Amino acid sequence: MPDLFIDGEWRSAVDEGTREIRCPADGSLVGVVDEAGGKDTVEAIAAARRAFDDGPWPHTAPDQRGDLLLRVADLLLRDKDALARAESLDTGKRLVESAYDIDDIANCFRYFGRTAASETGRVVDTGTEGVDSRVVYEPVGVCALITPWNYPLLQTAWKVAPALAAGNTFILKPSELTPHTAIHLMRLLEEAGVPAGVANLILGAGPEAGAPLSDHPDVDLVSFTGGLQTGRRLMAAAAGTVKKVALELGGKNPNVVFADADFDTAVDMALTAVFLHSGQVCSAGARLLVEDSLHDRFVDEVVRRASEIRLGGPFDERAQTGPLISQAHRTKVEAYVAKGLEEGAVLRCGGARPDGAGFADGFYYLPTVLDERTAGMSVVQDESFGPVLTVERFSSEDEAVRLANNTIYGLAGAVWTSDEARAARVAGRLRIGTVWINDYHPYVPQAEWGGFKQSGFGRELGPAGLAEYREPKHIWRNTNPAPQGWFA
Ligand code: NAD
């Protein structure tokens, strides 16, 4: 069955392109999918444009749009096992994590299903006799939704659910490395009754299948999650037609531990913060900042436990984390570590591929700790997006904040302390979109997600996430029109 979904039909690519998808854990063939070129993308844009300009979806009552999203949430849970398995095969992620993600994804559809009808308008008190005036919220139009490979369906849900809730039509382009759950989602949208042309799926590489999405005049909004360099390129391409742009980019997230933190919990969560999904998490706590007096004891324990982390494939129930997504990505992580060592980092553990036949065909890399880093070095500035933790020391609250903020990114991070007043002060001074206090990684669809500085532009979740996909329009009605006679 063909894999591109355009104008309510499943199609193959016009130039018959295909791509093999292989599991990063062992190189086994997961499937062969259709791969679009630019012509397919332009057709998908035209279908989304027609569905927006002439179709029923933008004018469907918001609560009916919400009902469709709630049906999709139920279908996602019905197909949870198959979706989790597909996600794990494409990404190499542990099955238990993928299953957890599907629950999150269903919650996201449920949240936007329930809030679809919110903020449909407000009356404005103009103080002018004979006038009524109101602001209504309308869909932006045709949305290009471009997603990465690390949380393929979750990142997709964060865009598809609010875009549909607001009444837009869209073209989804998932990462070329992880297409299978996006295909499954489109089948569920079809089953839930989404009208033809509202939801379109293009598979393929960024420069070929994706590029028309950011400069085509019929696209109104580009919502992108991915790397900083790609985000900059898309923002520049979108400028030609002044598209709305929403960007969720990288992070170099500080995990700040004061000496009065709960030691066992802070150590445990420092490991989760950075080694979950082998560090391939935009909000990964890849920079550990530890108060001087605690440094040696804390880092020794992190290193001891990091050295014992068990690697394995998605269906290995003993594995605690899995492989990197591709050979190219592992090469990038290796180069990043080599640069850190050149700059004088102290390698405390990892820094190599694991030994053993079981790892030979996958893209594994050992959990790595680079100690004695100082601000300004490349390894504390650049995102590795791998299982690599850098450690910096600080000796005062001011220094902790200064070091934590010393990056071009501003996505997320944490502060660990038993002093509530200090936690509040530091949280207030960190220039990041999400601050966890004595915790790491949780998020909820009700709260906004997005980055300060070069981590992003716009918001994904919560009311502000929905607002990204809506345009406020002011409607002024003269209730008693009559000539004014200015030019009589
Ligand atoms: P990437 O930028 O390489 O690719 C992301 C997507 O963009 C893919 O679908 C790719 O095909 C597409 N793309 C590439 N060039 C394009 C072009 N010219 N036109 C249109 N589309 C194009 O990123 P990646 O390697 O897939 O993902 C990893 C990055 O994503 C990391 O930097 C990570 O921090 C970031 N990320 C951020 C968040 C967040 O919420 N801020 C969440 C997840 C991942």
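Just so you know, ligand 1 is whichever comes first in the structure, and atom 1 is the first atom listed for that ligand. Excluded from the calculations below are hydrogen atoms, water molecules and symmetry mates; all remaining heavy atoms, backbone and side chain alike, are included. Predicted model only: the values in this text are computed from it and were never measured.
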(request) Report, in ascending order of atom number, the atoms of ligand 1 lying under 4.0 Å from any heavy atom of Thr147. (result) 6 (C), 8 (C), 9 (O)
(request) Could you list which atoms of ligand 1 come closer than 4.0 Å to a heavy atom of Asn150? (result) 43 (C), 44 (C)
(request) Inspect the surroundings of NZ in Lys339 and state if more than 12 heavy atoms from other residues, nucleotides or ligands are less than 6.0 Å away. (result) no
(request) Give a yes/no on ligand 1: does Leu213 have at least one heavy atom closer than 4.0 angstrom to it? (result) no
(request) Ignoring hydrogens and angles, tell me if any N or O in the side chain of His277 forms a donor-acceptor pair with the backbone of Gly279 under 3.5 Å. (result) no
(request) List the closest protein heavy-atom neighbour of atom 35 (C) of ligand 1: residue, atom name, distance to the nearest 0.1 Å. (result) Gly226 O, 3.2 Å
(request) Give the numbers and elements of all ligand 1 atoms closer than 4.0 Å to a heavy atom of Gln155. (result) 42 (C), 43 (C)
(message) Just to confirm my output: which protein heavy-atom neighbour is closest to atom 37 (C) of ligand 1, and how far is it?
(response) Leu249 O, 3.0 Å
(request) Just need the protein heavy atom nearest to atom 28 (C) of ligand 1, so name the residue and atom and give the distance. (result) Phe385 CE2, 3.6 Å
(request) Give the minimum heavy-atom separation between Leu75 and Leu188, together with the two atoms involved. (result) CD1-O, 3.6 Å
(message) Within a 6.0 Å radius of atom CZ on Phe452, are there more than 12 heavy atoms belonging to other residues, nucleotides or ligands?
(response) yes
(request) Could you list the atoms of ligand 1 found under 4.0 angstrom from a heavy atom of Leu411? (result) 41 (N)
(message) Check contact between Pro174 and ligand 1, using heavy atoms of the residue and a distance below 4.0 angstrom.
(response) yes
(message) Tell me whether the rings of Trp149 and Phe385 are parallel (<30°), tilted (30 to 60°) or perpendicular (>60°).
(response) perpendicular
(message) Considering non-hydrogen atoms of the protein only, which is the closest contact for atom 7 (O) of ligand 1, and what is the distance?
(response) Phe224 CE1, 3.1 Å
(request) For atom 22 (C) of ligand 1, grab the closest protein heavy atom and report residue, atom and distance to one decimal in Å. (result) Gly206 CA, 3.3 Å
(message) I'd like to check which ligand 1 atoms, numbered from 1 as shown, lie under 4.0 Å from a non-hydrogen atom of Ile146.
(response) 6 (C), 7 (O), 9 (O), 12 (C), 20 (C), 21 (N)
(message) Suppose I only count heavy atoms of Thr225 and a 4.0 Å limit; which atoms of ligand 1 are within that range?
(response) 5 (C), 36 (N), 37 (C), 38 (C), 39 (C), 42 (C), 43 (C), 44 (C)
(request) Just need the protein heavy atom nearest to atom 14 (C) of ligand 1, so name the residue and atom and give the distance. (result) Thr230 CG2, 3.4 Å
(request) Would you mind running through ligand 1 and noting each atom that sits below 4.0 Å from a heavy atom of Ala211? (result) 19 (N), 20 (C)
(request) Examine Trp149 against ligand 1 and note whether any of their N/O atoms are separated by less than 3.5 Å. (result) yes
(request) Look at atom CZ of Arg19 and say whether more than 12 heavy atoms of other residues, nucleotides or ligands are closer to it than 6.0 Å. (result) yes
(message) Apply side-chain hydrogen bond (donor to acceptor under 3.5 Å, both in side chains) to residues Trp158 and Glu248 and explain how you reach the verdict.
(response) CA-CA 11 Å; Trp158 289 16; Glu248 294 291 339; over 6 Å; no
(message) Please tell me whether Gln320 and Arg94 have a donor and an acceptor in their side chains that are separated by less than 3.5 angstrom.
(response) no
(request) Could you check whether the rings of Trp449 and Trp436 sit parallel, tilted or perpendicular, using 30° and 60° as the cut-offs? (result) tilted
(request) Give the residue and atom name of whichever protein heavy atom lies nearest to atom 39 (C) of ligand 1, and the separation in Å to one decimal. (result) Cys282 SG, 3.3 Å
(request) Using a strict 4.0 Å cut-off to heavy atoms of Glu176, name the atoms of ligand 1 that fall inside it. (result) 10 (C), 11 (O)
(message) Check contact between Trp449 and ligand 1, using heavy atoms of the residue and a distance below 4.0 angstrom.
(response) yes
(message) Just to be sure I'm reading this right: ignoring hydrogens, which of Glu208, Glu460, Glu383 gets closest to atom 34 (O) of ligand 1? Compare them by their nearest heavy atoms.
(response) Glu383
(request) Compute whether any side-chain donor of one residue and acceptor of the other, for Tyr469 and Ser223, lie under 3.5 angstrom apart. (result) yes
(message) Any nitrogen or oxygen of Leu234 lying under 3.5 Å from a nitrogen or oxygen in ligand 1? Just yes or no.
(response) no
(request) Using atom types as modelled and distance alone, determine if a side-chain donor or acceptor of Asp90 lies under 3.5 Å from a backbone N or O of His180. (result) yes
(message) For the backbone of Glu468 and the side chain of Lys244, can you confirm whether one donor and one acceptor N or O come within less than 3.5 Å of each other?
(response) no
(request) Could you check atom 23 (O) of ligand 1 against the protein and tell me its nearest heavy-atom contact, residue, atom and distance included? (result) Gly227 N, 3.3 Å
(message) Within a 6.0 Å radius of atom OH on Tyr100, are there more than 12 heavy atoms belonging to other residues, nucleotides or ligands?
(response) no
(request) For Ser175 and ligand 1, answer yes if some heavy atom of the residue is under 4.0 Å from a ligand atom, otherwise no. (result) yes
